[in-house]
Each structure stands twice: as C-alpha cells, then as structure tokens.
Amino acid sequence: MESHPTKSSESPSKDYKSTLNLPFTAFPMKANLTQREPTILAQWQVENLYQQILASDHPRGQWVLHDGPPYANGDIHMGHLINKVLKDVVIKYRTMCGYDCPYVPGWDCHGLPIESAIQKELGPKLKSMSPSEVRKLCRDYALKFVNQQSKSFERLGIFGDFKDPYLTLTPTYEKGVLQVLAELLQRELIFRQRRPVHWCTHDQTALAEAELEYAPHKSTSIYAAYVMDLSVGSWPVAFGAQPTSAAYLIWTTTPWTLPANRAVAVGPQNEYICLREKTGKHPALIVARERAEVVMQTAAAGPLAATYEIKGEAVSGDALEAAAIPYHHPLEDERLCPVVCADYVTLGDGTGLVHTAPGHGAEDYLTGRRYELEIYSPVLPNGRYDQSVAEFLQGELIWDANNKIITHLINRHRLIAQETIQHSYPHCWRCHRATIFRATEQWFVRASHESPLVHKVEEFINHVQWIPTWGKTRIAGMLATRPDWCISRQRSWGVPIPAFTDSNGNILLTAKSVARVADYIGQHGADSWYTDPPEKILGADYWLDDALTPNAGTKPNHEFSTVDLRKGSDILDVWFESGASHHAVLEGTHPRLGYGADLYLEGSDQHRGWFQSTLLEAAGYKTQPPFKTVLTHGFIVDGQGCKMSKSTGNDIKVSDALKEHGADVLRLWVASVDYHNDMPCSRELLTRVGEAYRKIRNTFRYLLGNLYDFDLSQHAIQPASQSIDMWMLHRLGAMEHDTLAAYEQYDFHRVFRNIYEFCNVDISAIYAKAIKDRLYCDLPDSPRRRASQHVCFLLLQSMVKLCAPVLVFTADEVWRALRELSGIKLLPPSIHQARFSDLITVQSAEIELWTRWMELVERGNKQLDELKRAVGLGNALDAEAVIIAPADAASQSLASLYGPEIEDVLGAGCHRIEVGPEWHIRMVDVRDRYTSCARSWKRRPDVGTDSQYPDLSARDARVVEALRRSTSDMSDVSVSSRG
RNA sequence: GGGCUUGUAGCUCAGUUGGUUAGAGCGCGUCACUGAUAAUGACGAGGUCAAUGGUUCGAAUCCAUUCAGGCCCA
C-alpha cells in the first residue's frame, strides 16, 4: 500500500486548486428562515408585490377562490394553517399559470363565542348595558382578532387583500345577508313555527346543530309505569286474562320531560308482551318481548322488588295501538294519553315503548304532529318550569326536578327501576353545559327533505366537482336527512332578523320589508336596528302585500302602522350569515369577484357547515351553483393518527412551530402530506420536513454555485446528444410535466415528492456528481462545461418556479440570486410575478439508451463498494470503469460514444472498452497501474503525457497551459471571473 | 348507534382492470470523501400489505366480519 503514489506525496497539487472552477455563491446554505422571512416580507411590502401581481396582465382570465371565513376569535391554530396554506398554494399556482386570482380573505365576526367572551369580561355589569353598547364591545373584540389573525396569515407568506378583507360585521355585508333573507322570503322558504330546538338554558338561546358538541354525560334513567285506563279500549286477548291493573312500561333518561308527556310510542313491527308480578299486587307491565328479560332483571332490583313473569302471547305494536287503551298521565291523573306508532322505536335499549314529549324532542315532535298531539313545552328559557305544571314542580330548575319526579313516582308505585347511565349527550359549544330540547317560536328555512329547496340543492350538487369525489355522497346524504333549518337566535351579536310585531301580535317579515331594512342597515349598520325607531327604518306605513309569512299569525293583506310596530329581538344564525357570502361578498362587498366561485376549499367538516348553508341559500333564488368545485381537506392528527387537542397535550402550536422552523418549512409540511385524509403532524415529522427543506435549498445552492461565471446571453449552448446533460434535461421535462399536472389536480404531496426525489436522485446523486469534473476542471469556456452550466441554469429556473407556490420565501430568495447572474436581467423582481415556462422536451430515442447505462452504473457502484471493503479503495477516481460491450460495430461505437459519460456518472478516473458477450461493467482498482492527476485527481493512463506537466492528465495539462497563456497574454483579465 | 372515510417498511407516500421475489425517497446502520463540507456519495438492513374468514389456479388489490383512527350526526 505504501508504494501507491498518493496525493499528499504529490506536493504541487495545492498549486492547481486556484486553476479550478470551484462553485461559488453568496446564497447561504443555512436558511435561518425565522430571521430571513420577515425581511423578505418587508421587501414585498416595499415593492407592493401583491398589488403588482393583480395589476399585471392575465392572459387566461379570472379564476376565483372564495375564502371561507374563519371565526374572529383566538390565535390561529394548525387547522387555519393547512387551510390557508392550501388556498395560497392553489392561488400562487394559478397566478403563475396566467390567471387573475384575487384573494379576498374573510372573517366571521358575529356569533355566540364572541358575545360569550364579552359577557364573561363584563360580568354583572352586563345587565346595565344596552345591546348597542354590548355590540360595540363585541365589534372591538372581533376586529382585534381579525387584525391578529391577519398578521399571522401574512407571516405565513399568504398573499391576499389583507387591507380590504370581507368582514361579516360591515354594513355592506349585513345588507347582503338580509337581501338573501328577502329572496328566500319572496319564495316562501321562510316560516315561523313552534318547535323543539336545541336550547341552552345557560346562554338562553336556541342552538344550531353546528353549535353542539357531544360529550359524556351522566343521566338518571328511569323505568316508569304509565297506568292504563282499562275502562277504555279493548284488552288484547293474546295477553291472557285482563288483570286488575296494567301499565305501559317506559324508559327515559330525561325524567324532567315527564310533565310534557303526551303519548307512548311503540314500534309497529315490534312484538309486545305482558309481564305479571307474581304477588299480583302491582300492575302488569307491557314491554317489548325482546326487552323483557333485561327489564325483569332490572325491575327485580327496583323499588318494587318483585319478580315478573311472562303471561300470554305477544302482540304487535300496531295491535297495541289498535287496542286503544289510553293511560293516565304520570303527573296528571285525570289526563288520558294515547299509544301511538313510530318507526324509530328500537329494541336496542329501553322497553320498546317510548315516552313521547312532543315539545322536548325532534322525533317526539314529528310523532306529535302526525297524531295531532299538543306541542307542549312547559320550560322557560332559563330552564325552569312555568306555572302550567304540577304545583310541586313550578319554578323548579329542570335538572333539579328529576329527583322530585322520581320521588313522586315512587310514592305512587309507578317507578319500576332507576339507574344512572353515562352516555354521549349534546352540550353547548360555548358554555359546555348540557343542552335540552325545548319548543319555542323560531324562524326556519324550509330545508327538510320534502322542501323544493332541497331538490334544487341536489341539482346543484350534481353540477359541482367534488374533491375527493366522496364529498358528493357525503353532502347528499346529509341533505337527505336534514330537518328544517332553525335560523333564529335569541342573542344580540349578529344580524337582526328584521321582524316587527304590532300591538295585535301580527308579525311583519316580508321580502319587501326585509329589502327595505337591508338598505337601511347597509347605510347605517346593524346597530341602527337597536337604536332607530321602526318608522325611520321602514320609512313609511307598511303593508304585508307580498309573500305572506306562513304560520306567523298574520292575516293576509294586513295593514301595519309603523308607529305601532315593535322590533323583534332575534338575530340570525351565524351560519346563515356566512352562507350568504356567495352574494354578500361576491356580489356585494367585492363585486369584482362575481357570483359563482371557481373553488371553495375548506375542511371536510364544512359539508355540514358552510358548503351546506351556502347551497341552501343559493338554491333558494339562484339558477347556478355558488361554486364550480369544492375541495376538502382532512384534519390534523398526531404521529399516532389521533386527534390533536390541548387536553391530550399532543397539539402543536403554530407560533411555536413557526419559531422553530419558519413558514416555508410549515408550508412544505402541508404540501408533503396527503391532505385529502387526515394530516399527520408531530415534532418528529416537522424535523423530517425541515431536513427535506435543507436538501432542496442545498440543491439550489449547488446549482447557483456553478453559475457564477455563466452568462445566459453568451454561454447558452446545446449539450451533446450523448451527454448526461441530455438525460438530465429529459428527466427535468418529465418531472416538470408531472409536477404541473399534480398542481393542476391539487395533488400537492405529489408535487413535493417529485421535487424532493428529483433533488435527491436525479440531481444530487447522478447529475451533480457526473458533471463535477467538467465544471471544475475544464476550461471555463469549454463547450462541455458551458452546456452543463446551461442545464444547471435550466434546472434552477424550472425548479424555482415549481417550488414557488409552496416555498414562497425561499423561491423568492433563489429567484433574486438568479437575477444577479449575467445575461438574464429581464426577469421580474419576484418569482411570484413569473409564469411557468414552456415544458422542456427531449427527443427520446437516445434517452432510452440511458436506462441501460444507468444499469451499468448501478452495477459499477456495487463493485466499487466491494473494492472498498476488499482492497480499501476509497475513491472512485482511483478506479477504472471497464465497459464490456458486444463485439458488433454498433455496440462498440455506442460504448466509445457513451464511455466518457459513464465514467463521469460513476465518478471514475478513466474507462476502457472491452468486447464481451453482453453489456456489462467491471470496476478495477488502478492504484498500482496509473498515476493520479494532481489537478483532477483522476487516476488515468494519460497522466504525464505532457512532459511540461508530468503530474497532470492530458486534459488538465491542456487546460493549465491554456490558462497560463491567457494570463500572461492578457494579464489584466482574470482567469475566473468570480466575485 | 348511523352516514362518509382511512389503515402498505421507523416517517411520508407509489402500487394500473387481482398475475413473478410488494416499490420509492427520507430516516436508520456501515463505509467513503473532505474541491457542494453544519455539505456530498456508495452499499446495506427494514414489511404476516391492521386482523380474521371467504371468492379465485392466484389477493395488498374483490367480498364479509372484526380491530384501531378521523370528520359529521344521534
């Protein structure tokens, strides 16, 4: 080994380093994004970049993504991040395709969360304040968070009209909302009805489905006997002899609804039997056959402590109904209630007989309507019983009433059993307290499945592209089963439902009156509803002369006198407000956008939320759908695929992640995972993405580093057809093609994969390695070198564009470095003003040969590794590639043509061609055989050919000699023009 | 409990209409380089395709059930 000539023994080596064209660039390897990004942002501000982009030419016309408004409350979280980044990526991509893509961010500013926050701040002071004063505080609160979130979004590199966003609290927006309401009134799609709605007794308001959260809740469940009046109807003979007393056994988890009981529902298909207690002292019980065993076990432990047994045959539910034996109301003995049939009665739990209180349950209500039962709801807004109930319950809080009712039942021997159960139960999204169903007078949009509105929505749905495709199934399914939409809320922070009542109780809410109020509020803001008198708001006496409000209790053609009107105090559901943005923004606050957005892009939860409220409203009066495409993304989960939440401690804060990684890394993370499903995120994953970012950045740096003396206008040169350059261009073309297709299909994780693997494999492991020798060692102006530099430039230019929608800061930084190069000064200042270039295409005939050469390279690498282990060969430059080619002339000529390229792709010192039966390669340790070139470090036979440079290979000797001459001839021109 | 949906190496993802020994990049391990250097290259080890049971000559792929997640609802 010692006999091998080594580099260190060749002292002149150091002297040659100055004759090399080593990479040079001011572009730093370390990104330091946390510091750098804000300076880039500041630069964009100075350049007024977003406005510049909007003002430029857009040959492909307008393309609008309409922003779904986040709630103006709290700091932004990862959910905001993915949504806004995805939107921004789409918009930047479209912009670079030549579209005009204005982005108007919006905020949902009204609603309970803000009002609750203010209430909490105010405490008891609240009572002394007028709605207007409270609204002022709510407004300030909302605007504060709009401002805060706005800054956070901009920090993420999101472009948009942040100086002129849409806010649901502006008068113009509010006007738009009311105009939509007027349109729906015009088409008789709004009605008023007494109906059970989800009700929060703490916040004293009706709640929408979207305002509920389900959580475990402990309830007292009871088995209660509703004693039958056997003097009426006919005892089913199948039950055996008629007992002296009998009862329907019901099971409920809400004993407090017993006062409102109006019927017992049975399943028409279910079979019922009669249980008799052995002693005969207690009433016989009617239960579903399938539930009998469970009931007997439970009852045995109950207050009656009795054993029951089955007597007689079973009868079906409809037979039970037909028997028409009423029962005595559990709390009002004199009231007789019927047995009715209902499809929803299941045998999964309970007794198969359902206590039905039409004023306190959705299904109960429907049953109540069908059987014309009283929709009775004796509970006040604050959750206390009114005066219509039994005396011992009047004024009682319902949650406290359970025990009183149970005691009452026990005293009257009507409680068969009682237990505490834990089950999932709806809670108010704000105060997190359990909610109830309570029948009240509310405003509804006719949106249940029999409404014409729903048919129109179904039609719209078919004309929308849903991504992923199952979005359509999902929203269609929801639509098919949805109830009418309760749009009234008993709060102050929102858009008022501009209904008036006169002293006779007639209600004024018509398309005309609402349109009139819309104009007024559009001028004076919704606050004016609370401050200004009806005659000022409406302007003149008013007639109910257009669409009647069904069930509003107003006679046709009733004449209202504005001085006799009182303003209603309900406001609209916030979902109605945001759902109106298709008009209030696209045709109202920002009419340049126009109705019918190209894209809505939100989390998949919005199938029930914004997409649906938008569709329902638009279907009420528009002929075209409000969006052409709906794209949904999933939710953030942790490394284990579990939901992120503060309570489990697996949540990642945007501000922390931003501080640690910078916006571009976070954006790259968004692009790296498949957002169609849940998006995994963890510290480890972000670190991984950070590494990917560094690889991409370093690739840019390497390419830039090799272009320091490249002038596009002078040096651009076509590579030789057999060169690795051609292979590289071909790969670039293919990558560009697929990456742009991936953008077009919103497949951003494919964009990421393409770019990242391209950096790792095509550029770094293959191309950069192969062209090192020619870039570093050739004469600066050698065609071979210039051709590779040109390819480096093309790579850089293409990749920086492909990265730009995602890596908004880094791409801009690279772009500005690119502009500094010679001969290409016409580029726009920022990458975000650039357009995608035409695709690079390379004729494929010669390219196909490269699959064969790459196989040889792979085998060569394995052999180099074996040589490394076997004989300690550390450097491929000390090896010779022996390319074995078939003997025919064509193969031999191919081998000699591609030999030098294969040598370079392997990073070998030299190559030689041999004849063999088939294509093969053999790597040979030539440390004993050849000398290493002191300049290129290639170990090859032609070292020392030039006697003037005995330590150099032929190529290097020529180069050094040429450099020597040029420096001595033109001593004022430096060899390398770096810096 | 219902609707929609997901489950392929440690991680992120590919796997066409079922067809050899299930792939890639990263990470990891080992080694090399020190002229991309807080970089770079090479080689290598990793998988019962969530589980079970079917259909089939043949299943990651089709069917059923189960388990574990997610969103929405009850």
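Quick caveat, the model's predicted, so the values are computed rather than measured.
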Whole angstrom is fine here: how far is it from [atom1] in [X] over to [atom2] in [N]?
| X | N | atom1 | atom2 | value |
| --- | --- | --- | --- | --- |
| A/Leu704 | B/rA39 | CG | P | 18 Å |
| A/Arg694 | B/rU37 | CZ | C1' | 14 Å |
| A/Gln606 | B/rU5 | CD | P | 19 Å |
| A/Asn861 | B/rC33 | CG | P | 15 Å |
| A/Tyr767 | B/rU40 | OH | P | 18 Å |
| A/Ile436 | B/rA74 | CD1 | P | 16 Å |
| A/Trp575 | B/rC73 | CH2 | P | 9 Å |
| A/Asn677 | B/rA68 | CG | P | 20 Å |

Among [options], the one nearest [X] by side-chain distance:
| X | options | answer |
| --- | --- | --- |
| A/Lys643 | B/rG25, B/rG70, B/rU5 | B/rG70 |
| A/Glu757 | B/rC73, B/rU12, B/rA24 | B/rA24 |
| A/Glu684 | B/rC72, B/rG35, B/rG10 | B/rG10 |
| A/Val673 | B/rC26, B/rC13, B/rG70 | B/rC13 |
| A/Tyr702 | B/rA36, B/rG25, B/rU5 | B/rA36 |
| A/Tyr776 | B/rC26, B/rG70, B/rG35 | B/rG35 |
| A/Trp470 | B/rU12, B/rC4, B/rG41 | B/rC4 |
| A/Met29 | B/rG35, B/rA39, B/rU5 | B/rA39 |
| A/Tyr756 | B/rG10, B/rC26, B/rC33 | B/rC26 |

Is it the case that the side chains of A/Asp725 and A/Tyr767 hold a donor-acceptor pair, with the cut-off being a distance below 3.5 Å and no angle test?
yes
I'd like to know if the side chain of A/Asp956 pairs up with that of A/Tyr16 as donor and acceptor (distance under 3.5 Å, no hydrogens or angles considered).
no
Pairs satisfying salt bridge (Lys or Arg N to Asp or Glu O under 4.0 Å), at least one member in residues 689-700 of chain A, at least two apart
A/Arg697-A/Glu813
[X] (side chain) and [N] (base): donor-acceptor pair under 3.5 Å:
| X | N | value |
| --- | --- | --- |
| A/Arg608 | B/rC71 | no |
| A/Lys868 | B/rC31 | yes |
| A/Thr699 | B/rA36 | no |

Which class fits the ring pair [X] and [Y]: parallel under 30°, tilted 30 to 60°, perpendicular over 60°?
| X | Y | value |
| --- | --- | --- |
| A/His77 | A/His80 | tilted |
| A/Phe748 | A/Tyr746 | perpendicular |
| A/Tyr675 | A/His633 | perpendicular |

Would a distance-only check, ignoring hydrogens and angles, find a side-chain to backbone donor-acceptor pair under 3.5 Å from [X] to [Y]?
| X | Y | result |
| --- | --- | --- |
| A/Asp762 | A/Leu732 | no |
| A/Arg482 | A/Ser448 | no |
| A/Asn650 | A/Ser645 | yes |

Below 4.0 Å: OP1/OP2 of [N] and any side-chain N or O of [X]:
| X | N | value |
| --- | --- | --- |
| A/Lys472 | B/rG3 | no |
| A/Lys772 | B/rG35 | no |
| A/Thr473 | B/rG3 | no |
| A/His633 | B/rC71 | no |

So what's the dot-bracket for RNA chain B: Watson-Crick or G-U pairs under 3.5 Å, [ ] if a pair crosses, | if it pairs off-strand?
(((((((..((((.....[...)))).(((((.......))))).....(((((..]....)))))))))))).
Comparing A/Ala765 and A/Asn760 on RNA chain B - which has the more 5′ nearest nucleotide
A/Asn760
Select from A/Ser604 and A/Glu858 the residue whose nearest nucleotide in RNA chain B is closer to the 5' end of that strand.
A/Glu858
